[in-house]
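Heads up: the structure comes next, in structure tokens.
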Amino acid sequence: MSRGNQRDRDRERAQARAGGKTKQPRNDGLTPEQRRERDAKALQEKAAKKAAQAAGGNNAGGGRVKK
């Protein structure tokens, strides 16, 4: 069984849905080393915040309270 031009039409539809976007590299003006440092700092802050939340006994898990 042949599909005719269905593949081509599907490709065109997918491209139209994507808005003709093409994948472009990040253009934030940072070198890869600066980007790694920025990301590492953000992860450390996130981990510290989570550790402080756990140590404080804050129930942010949204768990159910058993009776």
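Side-chain atoms are counted along with the backbone in the values below, which use heavy atoms only and exclude waters and symmetry mates.
- The structure places NZ of Lys50 at 8.0 Å from CD of Gln53, a figure rounded to the nearest 0.5 Å.
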Discussion item. Go through it in stages, so that I can follow the logic: the residues are Asp8 and Arg11, the test is salt bridge (charged side-chain N to carboxylate O under 4.0 Å, His left out), and I'd like the CA-CA distance, side-chain angles, deciding distance and then a yes or no.
Written reply: CA-CA 5 Å; Asp8 296 331; Arg11 240 182 242 123; 3.3 Å; yes
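- Electrostatic pairing of Arg36 and Asp39 does not count as a salt bridge here, judged by no charged N lying under 4.0 Å from a carboxylate O.
- Shortest non-hydrogen contact noted between Arg35 and Leu30 is NH2-O, 3.2 Å.
- Considering only heavy atoms from C-beta on, Arg7 stays 4.5 Å or farther from Asp10 through its side chain.
- Using a 4.5 Å heavy-atom cutoff, the side chains of Glu37 and Lys41 are not in contact.
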